[in-house]
Amino acid sequence: MSSPDRLIIGITGASGVVYAHRMLEVLRDTPVETHLVVSKAAEMTISYELEMKAAEIKAQADKTYAIADVGAAISSGSFKTLGMVIVPCSVRTMSEIASGVTSSLLTRAADVVLKEKRRLTLMVRETPFHLGHLRTMTALAEMGAIIAPPLPAFYAEPKTISELIDQSVGRVLDLYDIETPLTKRWGEDLEKGRR
């Protein structure tokens, strides 16, 4: 019996929870099962930035875990997943993952994804970065993580903030071979990219 395609989504307290909201919204229209863990700081950021309750974001996921539940399914390598996206990813969370000294289910799940050689994508959302941040990102990349700050792609000619968000979310989901209509592709959807 094969297990369903599962993707772990972690939300931290960095600015940019709109990316997580959109990712969960889009994944509901795919066969991918979403497993969500939200930090306490993220719950505050959700209310500040989206004027929503964290419960509304959690309701978008197939399964939600408490941040302190370090015995949850996603804390074990035997629980098969496509990997994990942390969106947005705070520098604090990134640093904890890099050290391997985890203090919550969110960072424990990320550590498990790395040790199992599954895909871990960190949508790091704090800027500017100092040298320590950059060294931490380098260490994580050397461990196999993908560092994917949500940077706008202006070649896609976005007309709205929603289109900027969609392009970043779509490009990250591409890393997991999850098909969505979000990404405008150079050489395909964009006339100027065709040769």
Could you tell me the separation between the CG atom of L27 and the CD1 atom of I9, rounded to the nearest 0.5 Å? 5.5 Å
Nearest 0.5 Å please: distance from the CG atom of L105 over to the OG atom of S39. 11.5 Å
Got a second to check how far M23's CE is from I178's CD1, nearest 0.5 Å? 8.0 Å
If you take all heavy atoms of F154 and L164, which pair is closest and at what distance? CE2-CD2, 4.2 Å
salt_bridge(D177, R119) N-O dist < 4.0 Å: no
With a 4.5 Å cut-off on side-chain heavy atoms, are V91 and T136 touching? no
Checking side chain to side chain contact (heavy atoms under 4.5 Å, CB included) for the pair I97/I86: CA distance, chi angles, key distance, verdict? CA-CA 11 Å; I97 296 163; I86 302 180; 3.5 Å; yes
Can S75 and Y65 be counted as having a side-chain donor-acceptor contact under 3.5 angstrom? no
On a heavy-atom basis, the closest approach of G77 and K115 is CA-NZ, 4.3 Å
In a check of salt bridge (Lys or Arg N to Asp or Glu O under 4.0 Å) between E33 and each of R6, K80, K63, which one passes? R6
Test: E25 and R22 ion pair at under 4.0 Å: yes
If we only count heavy atoms from C-beta on, is the H21 to L50 side-chain gap below 4.5 Å? yes
Donor-acceptor contact present, side-chain T30 to main-chain V32, <3.5 Å: yes
Taking R108 for the side chain and G71 for the main chain, is one N or O donor matched with an acceptor at less than 3.5 Å? no
Between the side chains of E43 and K58, is the shortest nitrogen-to-carboxylate-oxygen separation below 4.0 Å, so that they form an ion pair? yes
Same cluster or not: are M123 and L173 linked, directly or through other Ile, Leu, Val, Met, Phe, Trp or Tyr residues, by side-chain heavy atoms under 4.5 angstrom apart? yes
Compute whether any side-chain donor of one residue and acceptor of the other, for S76 and S78, lie under 3.5 angstrom apart. yes
For the residue pair F129 and H133, categorise the inter-ring angle as parallel (less than 30°), tilted (30 to 60°) or perpendicular (more than 60°). perpendicular
Do L175 and M84 sit in the same hydrophobic cluster, where Ile, Leu, Val, Met, Phe, Trp and Tyr count as joined when their side-chain heavy atoms come under 4.5 Å apart? no
Please walk me through it: do L36 and L24 pass side chain to side chain contact (heavy atoms under 4.5 Å, CB included)? CA-CA 9 Å; L36 178 66; L24 286 163; 4.1 Å; yes
Taking the side chain as every heavy atom from C-beta outward, state whether S168 and L151 have any pair of such atoms under 4.5 Å apart. no
Of the non-hydrogen atoms in T121 and A148, which two are nearest, and what is the gap between them? CG2-CB, 3.8 Å
I67-L120 co-clustered via ILVMFWY side chain contacts under 4.5 Å: yes
Do V112 and L114 sit in one hydrophobic cluster, given that two such residues count as connected whenever their side-chain heavy atoms are within less than 4.5 Å of each other, even indirectly? no
Does the side chain of E49 pick up a donor-acceptor pair with the side chain of S15 at under 3.5 Å? yes
Give a yes or no on whether the backbone of C89 and the side-chain of T93 come within a donor-acceptor separation of less than 3.5 Å. no
Got a donor-acceptor contact below 3.5 angstrom from the R28 side chain to the Q60 backbone? yes
Measure the spacing between CD of E163 and CG of D166 and express it to the nearest 0.5 Å. 7.5 Å
Gap between atom CG of L82 and atom NE2 of H35 - 0.5 Å precision: 10.0 Å
Let's go through V70 and T102 carefully: what are the C-alpha distance in whole Å and the side-chain angles of both, what is the deciding distance for side chain to side chain contact (heavy atoms under 4.5 Å, CB included) to 0.1 Å, and is it a yes or a no? CA-CA 10 Å; V70 292; T102 61; over 6 Å; no
Taking the side chain as C-beta and beyond, is there a heavy-atom pair between P150 and R125 under 4.5 Å? yes
Side chain to side chain contact (heavy atoms under 4.5 Å, CB included) between Q167 and L182: does it pass, once the steps are laid out? CA-CA 6 Å; Q167 186 76 9; L182 299 182; over 6 Å; no
Any donor-acceptor N/O pair, T81 side chain to I8 backbone, under 3.5 Å: no
Given E96, which partner from the list S90, S103, S104 fulfils the side-chain hydrogen bond (donor to acceptor under 3.5 Å, both in side chains) test? S103
Heavy atoms of V17 and T12 approach each other most closely as CG1-O, 4.2 Å
Is it true that atom CZ of R92 has more than 12 heavy atoms of other residues, nucleotides or ligands lying nearer than 6.0 Å? no
Is the shortest heavy-atom distance from the side chain of V85 to the side chain of Y176 under 4.5 Å? yes
Work out which heavy atom in G13 is nearest to a heavy atom in T45; give both atom names and the distance. O-OG1, 2.8 Å
Donor-acceptor under 3.5 Å (T34 side chain, D62 main chain): yes
Is there a chain of hydrophobic side chains (I, L, V, M, F, W, Y, each step under 4.5 Å between heavy atoms) that links M143 to I147? yes
Could you tell me the separation between the OG1 atom of T180 and the CZ atom of R171, rounded to the nearest 0.5 Å? 10.5 Å
